[in-house]
Amino acid sequence: MIAKRPPDRRLRFDPDELASVEAARPFYRRATVAVARDLIGAHLGRRWRGRWYGARIVETEAYLGAGDAAAHSFGGRRTARVEPMYAEGGHLYVYFVYGMHTCANVVTGRAGNAEAVLLRAAEGPPGAPRVLAGPGKLCAALGITVGDSGRDLVGGRELALFRRPRSRRPRIGVSPRIGVDYAGEAAAWPLRFFDLDSAAVSRRSSGR
DNA sequence: GACCAGATGTACT
DNA sequence: GTACATCTGGTCT
């Protein structure tokens with residue numbers, strides 16, 4: 001059993017205060033690119049000891065399954081690690097990389113598609129500057145571990161995603177994905193989305 | 001901006 | 001057994 005990690009205390013938030021709506025299954029079942037775009041500005045919430053902690057997502061990347069050389073499920077690869085990617089949209093796929101970092105993805109589309117959206121960065125309250133700038137830091141700050149891989153975000157008791165209010169539509173930038181140079185032609189696909197006005201979007205990946 | 005080390009799980013031979 | 005990974009933070013130019 002993998003030990004659970006507590007979230008960063010500074011990320012405390014009240015879902016009601018945001019007037020946000022928890023994303024339901026149909027939200028995740030749509031095209032991966034559409035979900036990746038709509039996740040910008042949404043809040044990822046983690047419940048720890050009865051309280052909610054969370055952050056506003058400001059950077060995502062779409063991974064398009066078997067036909068995408070940058071995706072873990074490229075060519076239909078199906079191992080114990082990537083198995084959660086084959087679940088129905090709305091599940092979480094978490095993996096450990098470079099011996100020290102954890103990255104969280106939201107599975108999209110229908111079961112078997114193996115498509116997902118990587119959560120690259122989020123923004124906390126003013127008291128938590130840059131603690132979420134990068135997929136590894138985002139997971140660390142929210143206490144997400146590989147033990148959360150395969151968890152369902154829909155109706156989840158510990159992890160949930162709250163959609164952004166319609167009134168707050170961020171300015172969204174688009175660029176190729178980060179760190180996937182090995183993926184050949186797929187490396188240039190414009191599948192990275194980010195909030196143009198967020199300081200948490202990593203420098204390296206700011207699209208310049 | 002470019003370059004590089006770091007620590008270890010996962011996939012593959 | 002071995003290569004390398006959807007990174008990060010530090011150093012140097």
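In what follows, chains are A, B, ... by sequence order, proteins preceding strands, each numbered from 1.
- Across the protein-nucleic acid pair, A/Leu64 atom CG and C/dT6 atom P stand 15 Å apart, rounded to whole Å.
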Its dot-bracket string being built from Watson-Crick and G-U pairs below 3.5 Å, with | for another strand and [ ] for crossing, DNA chain C has the pattern |||||.||||||.

Evaluate A/Arg10 against A/Val131 for side chain to side chain contact (heavy atoms under 4.5 Å, CB included), listing each step before the verdict.
CA-CA 10 Å; A/Arg10 292 169 292 182; A/Val131 296; 3.4 Å; yes

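- Here C/dT6 presents its P atom at 8 Å from OH of A/Tyr93, a figure rounded to the nearest Å.
- Below 30°, between 30° and 60°, or above 60°: for A/His101 and A/Tyr98 the angle between ring planes is above 60°, a perpendicular geometry.
- Just one of A/Phe162, A/Trp52, A/Phe13 meets the ring pair (Phe, Tyr, Trp, His ring centres under 6.0 Å) condition when paired with A/His43; it is A/Phe13.
- Atom CG in A/Asp181 sits about 14 Å away from atom C1' in B/dC3, given to the nearest Å.
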How far apart are the C-alpha atoms of A/Glu88 and A/Arg110, what are their side-chain angles, what is the distance that settles it, and do they pass the salt bridge (charged side-chain N to carboxylate O under 4.0 Å, His left out) test?
CA-CA 5 Å; A/Glu88 190 175 21; A/Arg110 299 185 177 277; over 6 Å; no

Under 4.0 Å protein heavy-atom contact, by nucleotide of nucleotides 6-13 of chain B - B base, S sugar-phosphate only:
BBBSSSS-

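- A/Arg120 forms no cation-pi arrangement with A/Phe194, by the criterion of a distance under 6.0 Å to the ring centre and an angle within 45° of the ring axis.
- More than 12 heavy atoms of other residues, nucleotides or ligands sit less than 6.0 Å from atom CZ of A/Arg30.
- Atom P of nucleotide C/dT6 and atom CG of A/Leu92 are separated by 17 Å, given to the nearest angstrom.
- The pair A/Arg56-A/Glu123 meets the salt-bridge criterion, since a charged nitrogen lies less than 4.0 angstrom from a carboxylate oxygen.
- Across the protein-nucleic acid pair, A/Ile144 atom CD1 and C/dC7 atom C1' stand 16 Å apart, rounded to whole Å.
- Heavy atoms of other residues, nucleotides or ligands lying less than 6.0 angstrom from CZ of A/Arg25 number more than 12.
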